[in-house]
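One structure is given below, encoded as structure tokens.
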Number of protein chains: 2
Amino acid sequence: MKIDPNSNADLSAQIAKSIRDAIISGDLIVDQRLPSEAELSDQFDVSRPTVREALKRLAAQSLIRTQRGATGGAFVNKLSFEEAYPQQITTSTLLLSMNAVSFETACEARYTLERSCAPLSALRRTADHLATMRAEIHRQSQPGLTDEAFCASDVAFHRALVDGAGNPVLSYQLAGAVEAMQPLMNMITFSARDRAKIIELHTALADALEANNATGVDTALAGLESYTTNLAKSVMEKRKNKA
Amino acid sequence: MKIDPNSNADLSAQIAKSIRDAIISGDLIVDQRLPSEAELSDQFDVSRPTVREALKRLAAQSLIRTQRGATGGAFVNKLSFEEAYPQQITTSTLLLSMNAVSFETACEARYTLERSCAPLSALRRTADHLATMRAEIHRQSQPGLTDEAFCASDVAFHRALVDGAGNPVLSYQLAGAVEAMQPLMNMITFSARDRAKIIELHTALADALEANNATGVDTALAGLESYTTNLAKSVMEKRKNKA
DNA sequence: GCCATTTAAATGCCAGACAATTAAATAACT
DNA sequence: AGTTATTTAATTGTCTGGCATTTAAATGGC
């Protein structure tokens, strides 16, 4: 393997790309051991620190894992949904906060995606999913709950709804949209009356889901979306007037 | 800043996490310059190579960019949708290939998400989106087209549909679902008759979109999903019989 | 005042070394 | 023979120190 030292990209970036491509193309398969750092240095004709930088890049994307010791080394990592979740959420969160995405746009995306899961979830949700949702509703009605905890519970509730569709790909894609909204939601402080309204809609949603009533679920979600949007609008309005 | 040398995690991973948290929390803002590698070495009380490994981890996630020269250094990167797309697609592709996700499951997720965009797109699509879709349909009907090119055009067509919803967050989330399907779609070689059928459905979809007919778009998408699923099923069946 | 040169600061890269970890090979002991 | 303790070898983790390269700003010459 050879690397172009005249490219404008870092050597470590080129090496990382080379290995990444090998993983994506299937030349390197899951759990396969990569050559040792010393061997990679020879193959790519670079120093060990440079190889290490390349490997760290791959590790940051969970594409490899490393093990020390005699039989250690870098191994192609089986990328699991569990591992991919946090990265997806981090990226989505930063995208929202760094690109001045309006609350409305983010909210629309989130509820659009979530409503698409509703029919499947109404069909396939297990008792487990329902139990989780009921438990979260109960938590949300506790008086002493902080706004952060309320929002976290809200996220857990909606994730149970999405997971109810029984499609891991769908759950993964939705995770980013739902979780990344949390910081934005936290900016809206909920009054007791607002919470009661949200809990009421959550209950309606759970009831419809329990009855396998897809239309009911969709209606409840639409209600949540418009209520949330209006709430945000009024909060923003108040803040603007104060300032 | 101090790092725990007795943790089981690598120093570079801990440092990367520390800086990443600072970015997420807003302590470090976009375009802000991080301390130089030498300064970071001092602050975290580690060597420069270790700091560099940490920075490469962050660079792999597009959280920072580096610049050489007198006024150079590492800067907090404004994560753009354009930058996040490829990562999202790589991750989604690997998740599908490494986790034995069935074609059916992936296909269901993809069309479920895409159908959720249909109403918005029927409402908001511009002439530009329509033109792209018509152009891709035209390309798809060229006789000499390879299967790969046909699939690539298919992806472009569907991305135009999604982009028509005019919501960047939605487009981003959908990119992974749509693009990650391409390698799976490539495994199904399309006969001329299959292509004609797909083009027919694409045309119906574009027509409905042009008429702002949300229901028509949804019907066409549902048709595409069932046709694709059945096609895949029969292809798999044939392969099993051969073997 | 403008252009060429120098300088300084920073990242990019390398060589060599040592520490820590781990599994396997070996030796010692029962 | 079998089990346990020790040694050994391979590998990653980390450090030191250095040089090359790039870039913008400071300096100097015209």
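To find a chain, count down the sequence lines: A is the first, B the second, and so on, and within it residues start at 1. Since the structure is predicted, the reported quantities are computational estimates derived from the model, not experimental observations.
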### Query
Taking the side chain of B:R52 as its heavy atoms from C-beta onward, which of C:dC13, D:dC15, D:dG13 lies nearest to it?
C:dC13
### Task
Test side chain to side chain contact (heavy atoms under 4.5 Å, CB included) on B:Q14 and B:L11 and set out the steps.
CA-CA 5 Å; B:Q14 292 180 59; B:L11 291 181; 4.0 Å; yes
### Message
Expressed as a whole number of angstroms, how long is the span from B:F75:CZ to D:dA24:P?
### Response
11 Å
### Task
Say whether, by atom type as modelled, one donor and one acceptor occur between the side chain of B:S116 and the main chain of B:L113 under 3.5 angstrom.
yes
### Query
With respect to the phosphate group of D:dT11, does any side-chain polar atom (N or O) of A:R33 fall under 4.0 Å of OP1 or OP2?
yes
### Message
To the nearest 0.5 Å, what is the distance between OG1 on A:T90 and CG on A:L95?
### Response
11.0 Å
#### Entry: C:dA10 base / B:R68 side chain donor-acceptor hit below 3.5 Å
no
### Check: B:D31 side chain, B:F75 main-chain N or O, donor-acceptor pair, under 3.5 Å
no
### Query
How many Å lie between CG on B:D10 and C1' on C:dA20, as a whole number?
12 Å
### Task
Using a strict 4.0 Å threshold on nitrogen-to-oxygen distance, state whether B:R139 and B:E136 make a salt bridge.
yes
### Query
Between A:T66 and D:dG13, does any side-chain N or O lie under 4.0 Å from OP1 or OP2?
yes
### Message
At 10 degrees resolution, what angle do the end axes of the helix from C:dG1-D:dC30 to C:dT30-D:dA1 form when each is taken over five base pairs?
### Response
20°
#### Entry: Nucleotide D:dG13, atom P - distance to CZ of B:F44 in whole Å
19 Å
### Task
Could you pick out which residue, A:E39 or A:P49, lies toward the 5' side of DNA chain D when each is mapped onto its nearest nucleotide?
A:E39
### Task
Report the distance from atom CG of B:L34 to atom CG of B:L55, rounding to the nearest 0.5 Å.
7.0 Å
### Query
Side chains of B:H129 and B:T132: do they bring a donor and an acceptor to under 3.5 Å?
no
### Whole-Å gap separating C1' (D:dT14) and CG (A:L55)
15 Å
### Message
Do the side chains of B:D10 and A:R52 get close enough for a salt bridge, i.e. N-O under 4.0 angstrom?
### Response
no
### Distance-only donor-acceptor test (3.5 Å): side chain B:R48, base C:dG12
yes
### Query
Should B:D163 and B:R124 count as an ion pair when the cut-off is N to O under 4.0 Å?
no
### Message
Starting the side chain at C-beta, find the nucleotide from C:dC14, D:dG13, C:dA10 nearest to A:L11.
### Response
C:dC14
### Message
As a test of reading the structure: which of D:dT14, D:dG13, C:dC14 is closest to the side chain of A:K56, going by heavy atoms?
### Response
D:dG13
### Message
I need the CG-C1' distance between B:L34 and C:dA9, as an integer number of Å.
### Response
16 Å
### Query
Between A:S47 and B:E37, which has a closest nucleotide on DNA chain C that is more 5'?
B:E37
### Task
Check the distance between C:dT11's C1' and B:R65's CZ and give it to me in whole angstrom.
15 Å
### Task
Please state how far atom CD in A:E53 lies from atom C1' in D:dG13, giving the value in whole angstrom units.
14 Å
### Message
Taking B:S62's backbone N and O only, do any of them form a donor-acceptor pair with B:N77's side chain (distance below 3.5 Å, no angle check)?
### Response
yes
### Message
Over all strands shown, is A:Q67 touching base, sugar-phosphate only, or nothing at heavy-atom distances under 4.0 angstrom?
### Response
sugar-phosphate
Might you list the N or O atoms of the protein lying below 3.5 Å from N or O atoms in nucleotides 7-9 of chain D, with each pair's distance?
none

### Message
If I take atom CG in residue B:D42 and atom P in nucleotide D:dC15, what distance separates them, rounded to the nearest angstrom?
### Response
12 Å
### Task
Check whether any side-chain nitrogen or oxygen of B:T50 sits under 4.0 Å from OP1 or OP2 of D:dC15, and answer yes or no.
yes
